[in-house]
There are 2 protein chains.
Amino acid sequence: MAERGAAQSSASSGESLLFLTDEQLRRGIEAMFFAYRGFTADPDRILENYAYGRAHHRAIHFINRSPGTTVNNLLAILGVTKQSLNRVLRTLVEDGLVESRVGTRDKRERHLYLTDQGIALERELSEAQRTRMRAAYRAAGPDAVAGFRTVLEQMMDPELRHHYFSNTEGGA
Amino acid sequence: MAERGAAQSSASSGESLLFLTDEQLRRGIEAMFFAYRGFTADPDRILENYAYGRAHHRAIHFINRSPGTTVNNLLAILGVTKQSLNRVLRTLVEDGLVESRVGTRDKRERHLYLTDQGIALERELSEAQRTRMRAAYRAAGPDAVAGFRTVLEQMMDPELRHHYFSNTEGGA
DNA sequence: CTTGGAAAGTCAACAAGGCTGACATAAAGT
DNA sequence: ACTTTATGTCAGCCTTGTTGACTTTCCAAG
């Protein structure tokens, strides 16, 4: 499936065996833009009620996914500066949604956990997001979903892909 | 709430009839997050050289896509306030990348066009983005690409979907 | 034990790009 | 004539990103 031709610009070659025309690619690009907006719309609406933003959502999501993760881990996943993350984390700790425990093995590290309140907000946010995703998956069908995931994973930076999608494929 | 138990958390049944487990959905959600970051990474790097941001990129993209579009059209597509868009548009006009022509039929409207310089930057940006998209498409294969597009379109807000993807399916 | 350096936190300043509100102008519609 | 629409602009605010400088804590190597 790799030898899909050279995908040259626009209509230079009439080969319609190609599906990688600039027009097709442009549609994919716009689809990403609009879909991402839809994807974040529901959580954004909820977050307004709590005076939080997307940055808080991301922190909550990944702490929920990996309870006990360290600040440095989170930094690597989120790809922001520690100052930026710290600002978000501080408010979440102050508000009692996240607990920061000093490490036992290495006391410099802080291990992050959601409190019951944090878990509640995570549920609310992810449930909204899953609902939309579920609807899209249902409407598109299983084959489309597989393709969706495949392309998305190929679109990420390779390092990240290996890190997060190499050993998680066992399930299902 | 709404114990999504219906979705049989994790891999309870080997039957792949079900593909809507919370775990599957979570993976899709994270894939969207990471893929979007990859998707914007290349243009972002280029934009730094010009002291522009994503907002400029979006304006340039949609003006290129629909030359002569009005400010109001752009506002509707981008989903931002006119003040926000105006700030971006002003710098692009000042810098000679976008031309704003008073409408002939309705002189209140401004019709937007990319200048040669604007076209050049658009090419640079979209070429970078297409390159990544093309690579992902090639690695994933045609069937995956179809599924990718289908799911993304389902994930957008319905109104937008109808507006932008109903009559553009003719090609290919 | 001392010291180097990593991990974490903090303060300050700044920028992009969202937002609201208020207001101005020209042109179109009624 | 009056209202509405399209656009532009000023001012101010917020979130979330950035850099730089600095401190505290603490593991580990000398």
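Quick note on labels: first sequence line is chain A, next is B, and so on, each numbered from 1.
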* Listed partners of A/R108 passing salt bridge (Lys or Arg N to Asp or Glu O under 4.0 Å), at least two apart -> A/D106
* By salt bridge (Lys or Arg N to Asp or Glu O under 4.0 Å) - contacts of B/R54 (at least two apart) -> B/D44
* Asked: Would a distance-only check, ignoring hydrogens and angles, find a side-chain to backbone donor-acceptor pair under 3.5 Å from A/R37 to B/L78?
  -> yes
* Structure fact -> Applied to residues 91-104 of chain A, the salt bridge (Lys or Arg N to Asp or Glu O under 4.0 Å) test, sequence neighbours excluded, yields A/E99-A/R101
* Check every nucleotide of DNA chain D for an atom under 4.0 Å from a heavy-atom of chain A, then give the first and the last such nucleotide from 5' to 3'. => D/dT16 to D/dC27
Can you tabulate the close N/O pairs, meaning under 3.5 Å, that link protein atoms to atoms of nucleotides 15-19 of chain C?
unit_1 : atom_1 : unit_2 : atom_2 : d
C/dG17 : OP1    : B/G53  : N      : 3.4
C/dG17 : OP1    : B/R54  : N      : 3.0
C/dG18 : OP1    : B/R58  : NH2    : 2.2
C/dG18 : N7     : B/R87  : NH2    : 2.5
C/dC19 : OP2    : B/T81  : N      : 2.7
C/dC19 : OP2    : B/T81  : OG1    : 3.0

* Asked: Residues in side chain to side chain donor-acceptor pair (under 3.5 Å) with A/S100, at least two apart?
  -> none
* Asked: For DNA chain C, which residues in residues 94-115 of chain A have a heavy atom at a distance below 4.0 Å?
  -> A/R108, A/E109, A/R110
* Set of residues satisfying salt bridge (Lys or Arg N to Asp or Glu O under 4.0 Å) with respect to B/D143, sequence neighbours excluded -> none
* Excluding sequence neighbours, so at least two apart, what forms side chain to side chain donor-acceptor pair (under 3.5 Å) with A/Y113? -> none
* **Selection residues 59-94 of chain B - residue pairs positive for ring pair (Phe, Tyr, Trp, His ring centres under 6.0 Å), sequence neighbours left out** => A/F33-B/F62, A/F34-B/F62
* For A/Y52, which residues count as a ring pair (Phe, Tyr, Trp, His ring centres under 6.0 Å) partner, sequence neighbours excluded? -> A/H56
* To do: List in chain and number order the residues that pass side chain to side chain donor-acceptor pair (under 3.5 Å) with A/R45, two or more places apart in sequence or in another chain; answer none if no residue qualifies.
  => A/D42
